[in-house]
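Worksheet: one structure, shown below.
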Amino acid sequence: MGITKHTQEIKLRVSAKRLFKALVTESHIISLPNAIKNVEILHGDGGAGTIRQTNLVNGSYLKHRIEALDIDNRVSKYTLIEGPLLGDKLESIYYEQEFEDSSDGGCIAKIVSEYHTKGDIQLKEEDIKAVNDKVVPFYTLTEDYLLANPDVCV
């Protein structure tokens with residue numbers, strides 16, 4: 001198995017606290033009409049070891065295992081273990097995400113991704129871009145939802 005690492009930052013217009021709640025600790029109570037139908041906790045209490053499944057409006061799903069959760073510092077570590085995003089090249093994707101407030105009232109999401117490939121498959125830059133192009137919209141859709149619903153995840 002090969003591992004390819006990718007780092008990115010996303011500037012968002014909502015606070016780190018609200019975004020962390022919406023994407024991590026309270027994701028199971030939010031639905032995004034154009035993307036996420038619901039999030040189910042399949043095993044665990046929401047902390048490390050929890051398995052949760054994000055059911056998408058297109059009928060597919062993403063299954064994640066939470067590896068670590070630091071609520072005070074707004075850091076989560078989790079692994080995508082099942083779902084069509086993995087395709088035929090990836091065994092799993094490990095994510096570390098940290099949300100930091102910015103001076104304008106928004107935040108910066110810092111995301112480190114480790115792509116664990118099947119066998120000796122080598123990922124190309126366009127493979128990583130294809131996955132990121134499907135993941136980044138979840139952040140911006142959540143941002144839009146929180147801006148339209150100022151009482152959610154406060």
Side-chain angles (χ1 to χ4, degrees), residues 3-58 60-86 90 92-116 123 125-154:
I3 299 174
T4 303
K5 199 170 192 176
H6 178 74
T7 302
Q8 65 183 342
E9 291 187 1
I10 304 170
K11 175 73 177 106
L12 299 152
R13 297 170 290 155
V14 295
S15 72
K17 177 183 175 182
R18 288 187 71 208
L19 198 62
F20 185 78
K21 280 184 171 184
L23 288 171
V24 181
T25 60
E26 296 182 14
S27 63
H28 59 285
I29 63 169
I30 295 175
S31 67
L32 300 175
N34 295 324
I36 298 174
K37 181 179 175 184
N38 63 10
V39 176
E40 298 174 75
I41 294 178
L42 303 178
H43 172 77
D45 61 3
T50 295
I51 305 290
R52 65 181 191 193
Q53 181 170 305
T54 303
N55 298 305
L56 306 176
V57 294
N58 67 8
S60 65
Y61 69 95
L62 303 169
K63 194 177 287 186
H64 297 93
R65 178 180 56 243
I66 298 173
E67 308 296 348
L69 195 56
D70 181 345
I71 294 170
D72 294 334
N73 293 305
R74 296 181 207 95
V75 175
S76 70
K77 300 175 183 183
Y78 61 96
T79 303
L80 174 64
I81 56 175
E82 197 174 306
L85 193 58
L86 297 175
L90 296 171
S92 64
I93 305 172
Y94 172 78
Y95 294 99
E96 289 184 19
Q97 60 183 2
E98 179 177 356
F99 301 91
E100 294 180 354
D101 284 317
S102 55
S103 60
D104 61 1
C107 73
I108 297 171
K110 297 180 178 184
I111 306 156
V112 177
S113 309
E114 290 182 1
Y115 300 86
H116 296 250
L123 290 182
E125 192 61 37
E126 59 262 22
D127 296 324
I128 293 171
K129 183 178 178 341
V131 172
N132 280 339
D133 286 349
K134 293 176 182 167
V135 172
V136 171
F138 286 106
Y139 291 85
T140 55
L141 286 169
T142 302
E143 170 190 47
D144 291 343
Y145 178 82
L146 293 174
L147 288 170
N149 297 279
D151 295 334
V152 173
C153 295
V154 289

message = Surrounding NZ of Lys11 (heavy atoms of other residues, nucleotides or ligands, distance under 6.0 Å), is the total greater than 12?
response = yes
remark   = Hits for side-chain hydrogen bond (donor to acceptor under 3.5 Å, both in side chains) against Arg65, two or more places apart or cross-chain, chain-then-number order -> Glu67
inquiry  = Do Val135 and Leu85 have side chains that approach each other closer than 4.5 Å (heavy atoms only, starting at C-beta)?
reply    = yes
ask   = His64 and side chain to side chain contact (heavy atoms under 4.5 Å, CB included): which partner among Val39, Thr54, Ile51?
value = Thr54
query = So, the side chain of Glu143 versus the backbone of Arg13: is there a donor-acceptor pair under 3.5 Å, distance only?
reply = yes
key: For Leu141 against Ala35, the heavy-atom pair lying closest together   = CD1-CB, 3.5 Å
ask   = Ignoring hydrogens and geometry, is there a side-chain-to-backbone donor-acceptor pair from Asp101 to Ser15 under 3.5 Å?
value = no
message = With a 4.5 Å cut-off on side-chain heavy atoms, are Phe20 and Leu69 touching?
response = yes
query = More than 12 non-hydrogen atoms from neighbouring residues, nucleotides or ligands closer than 6.0 Å to NZ on Lys17, yes or no?
reply = no
Nearest non-hydrogen partners of Leu146 and Val152, listed with the distance = CD2-O, 3.8 Å
query = Do Val136 and Gln8 touch side chain to side chain, with heavy atoms closer than 4.5 Å?
reply = yes
ask   = Between Ser92 and Thr79, which heavy-atom pair has the shortest distance, and what is it?
value = CB-CG2, 3.7 Å
inquiry  = The criterion is side-chain hydrogen bond (donor to acceptor under 3.5 Å, both in side chains); which residues satisfy it with Gln97, sequence neighbours excluded?
reply    = Ser76, Tyr139
Heavy-atom donor-acceptor pair, Lys5 side chain to Val112 backbone, under 3.5 Å = no
ask   = Which pair of heavy atoms, one from Arg18 and one from Cys153, lies closest together, and at what distance?
value = CG-O, 3.0 Å
